[in-house]
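Structure record follows, encoded as structure tokens.
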Amino acid sequence: MADIIKLENICKRYFIDMPNEIEVLHNVSISIAEGELVSIVGESGSGKSTLMNIIGALDRPTEGTYGFGGVDVAGLSQNDLSQLRKMRIGFVFQTFNLVGRISARANVEMPMTYARMGRRERSERADMLLEMVGMGERSKHKPNELSGGQKQRTAIARAMANDPDIILADEPTGALDSETGALVMGIFKDLNKKHGKTVIIVTHSLALAEQTDRIITLKDGVVVGERKGSET
């Protein structure tokens with residue numbers, strides 16, 4: 001399979017040319033193929049969140065190149081970066097990031113609204129996605145009426161709204177108990193194996209990482225190892 005993500009010699013610095021300048025990522029080079037289920041692991045301070053922000057086009061590297069599906073991300077305008085995030089990347093966060101005043105269905109519809117999809121089409125797709133993650137019967141409930149696992153399943157459905165090329169998940173089971181976390185991980189595996197989605201999970205949990213095809217380990221802003229997961 002072709003690489004969908006290709007990072008070469010990525011460095012990220014903050015407070016550039018100031019006395020407190022700091023380099024968080026040091027010449028990081030990784031490739032992720034289409035259809036892979038990959039985890040990026042590391043302790044707090046390893047640089048994994050910074051790397052996730054660069055992969056998600058939420059931040060730009062200070063040095064190095066980033067190719068996304070053959071597109072040079074560094075050369076994109078802010079508007080093009082916004083389009084990339086909106087249409088080609090689905091984000092799943094530890095804290096769910098659902099809008100509290102609207103229903104689960106409306107939360108899933110939101111990215112499609114921004115993509116100017118018609119009302120009927122987005123409503124039908126939202127219902128289909130909620131069914132896919134086992135949330136069909138809870139579609140009219142607001143986030144405060146849902147458990148943590150139900151919120152995360154809704155967030156995964158929302159991440160799939162615009163049929164993105166990759167799902168980028170930041171500590172997706174961090175706020176869940178082990179049983180619910182296993183259920184959520186099962187959904188990611190289904191998205192990967194049954195629907196062909198490239199899934200990248202950023203986590204400090206080695207137990208979670210072992211369930212992915214490949215584990216990339218970061219330490220102090222450097223890739224210190226890559227290996228296959230043991231439970232795949």
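These numbers were taken from a predicted model, which means no experiment stands behind them.
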Between [X] and [Y], is any pair of side-chain heavy atoms under 4.5 Å apart?
| X | Y | value |
| --- | --- | --- |
| Thr62 | Glu23 | no |
| Met112 | Glu121 | no |
| Arg125 | Asn162 | no |
| Gln150 | Glu145 | no |
| Arg105 | Leu130 | yes |
| Leu51 | Leu7 | yes |
| Gln152 | Pro172 | yes |
| Pro143 | Asn107 | yes |

Output the distance between atom [atom1] ([X]) and atom [atom2] ([Y]), rounded to the nearest 0.5 Å.
| X | Y | atom1 | atom2 | value |
| --- | --- | --- | --- | --- |
| Leu168 | Ile55 | CG | CD1 | 6.5 Å |
| Thr180 | Met185 | OG1 | CE | 15.0 Å |
| Asp3 | Phe68 | CG | CZ | 12.5 Å |
| Lys12 | Arg60 | NZ | CZ | 9.5 Å |
| Ile200 | Ile32 | CD1 | CD1 | 3.5 Å |
| Asn53 | Leu25 | CG | CG | 10.0 Å |

How close do [X] and [Y] get, counting heavy atoms only, and between which atoms?
| X | Y | result |
| --- | --- | --- |
| Glu179 | Asp177 | N-OD1, 3.1 Å |
| Ile215 | Gly229 | CD1-CA, 3.9 Å |
| Val99 | Met110 | CG2-CE, 3.6 Å |
| Ala155 | Phe96 | CB-O, 3.9 Å |
| Ser103 | Ser139 | CB-O, 3.5 Å |
| Met87 | Ala115 | SD-CB, 3.8 Å |

Does [X] use its side chain to pair, donor to acceptor, with the backbone of [Y] at less than 3.5 Å?
| X | Y | answer |
| --- | --- | --- |
| Ser46 | Glu43 | yes |
| Arg158 | Asn97 | yes |
| Thr203 | Glu171 | no |
| Asp213 | Lys228 | no |
| Arg138 | Ala104 | no |
| Glu226 | Arg214 | no |
| Tyr66 | Ala74 | no |
| Lys48 | Gly42 | yes |
| Glu210 | Ser230 | yes |

Which label fits Phe93 and Phe91: parallel for a plane angle under 30°, tilted from 30 to 60°, or perpendicular past 60°?
parallel
ILVMFWY cluster, [X] and [Y] together (side-chain gap under 4.5 Å):
| X | Y | value |
| --- | --- | --- |
| Val92 | Leu129 | yes |
| Leu146 | Ile102 | no |
| Ile166 | Val41 | no |
| Val28 | Leu58 | yes |
| Ile89 | Met160 | no |

Around [X], counting heavy atoms of other residues, nucleotides and ligands shown, do more than 12 lie under 6.0 Å from its [atom1]?
| X | atom1 | result |
| --- | --- | --- |
| Lys189 | NZ | yes |
| Asn20 | CG | yes |
| Tyr114 | OH | no |
| His195 | NE2 | yes |
| Glu21 | CD | yes |

Stepwise, does the side-chain contact (heavy atoms from CB on, under 4.5 Å) test hold for Gln211 with Leu208?
CA-CA 6 Å; Gln211 301 178 60; Leu208 185 69; 4.3 Å; yes
Worked check of side-chain contact (heavy atoms from CB on, under 4.5 Å) between Met132 and Asp190:
CA-CA 10 Å; Met132 186 176 75; Asp190 281 349; over 6 Å; no
side-chain contact (heavy atoms from CB on, under 4.5 Å) assessment of Val71 paired with Leu84
CA-CA 10 Å; Val71 174; Leu84 179 75; 5.9 Å; no
Going by an N to O cut-off under 4.0 Å, is there a salt bridge joining Glu109 and Arg119?
no
Please determine whether a side-chain nitrogen of the Lys or Arg among Asp72 and Lys6 lies less than 4.0 Å from a carboxylate oxygen of the Asp or Glu.
no
With Ile201 as partner, the option from Ile40, Thr173, Leu37 fulfilling side-chain contact (heavy atoms from CB on, under 4.5 Å) is Leu37
Criterion side-chain contact (heavy atoms from CB on, under 4.5 Å) on Arg122 and Arg116, from CA distance to verdict
CA-CA 9 Å; Arg122 68 176 184 254; Arg116 301 182 185 279; over 6 Å; no
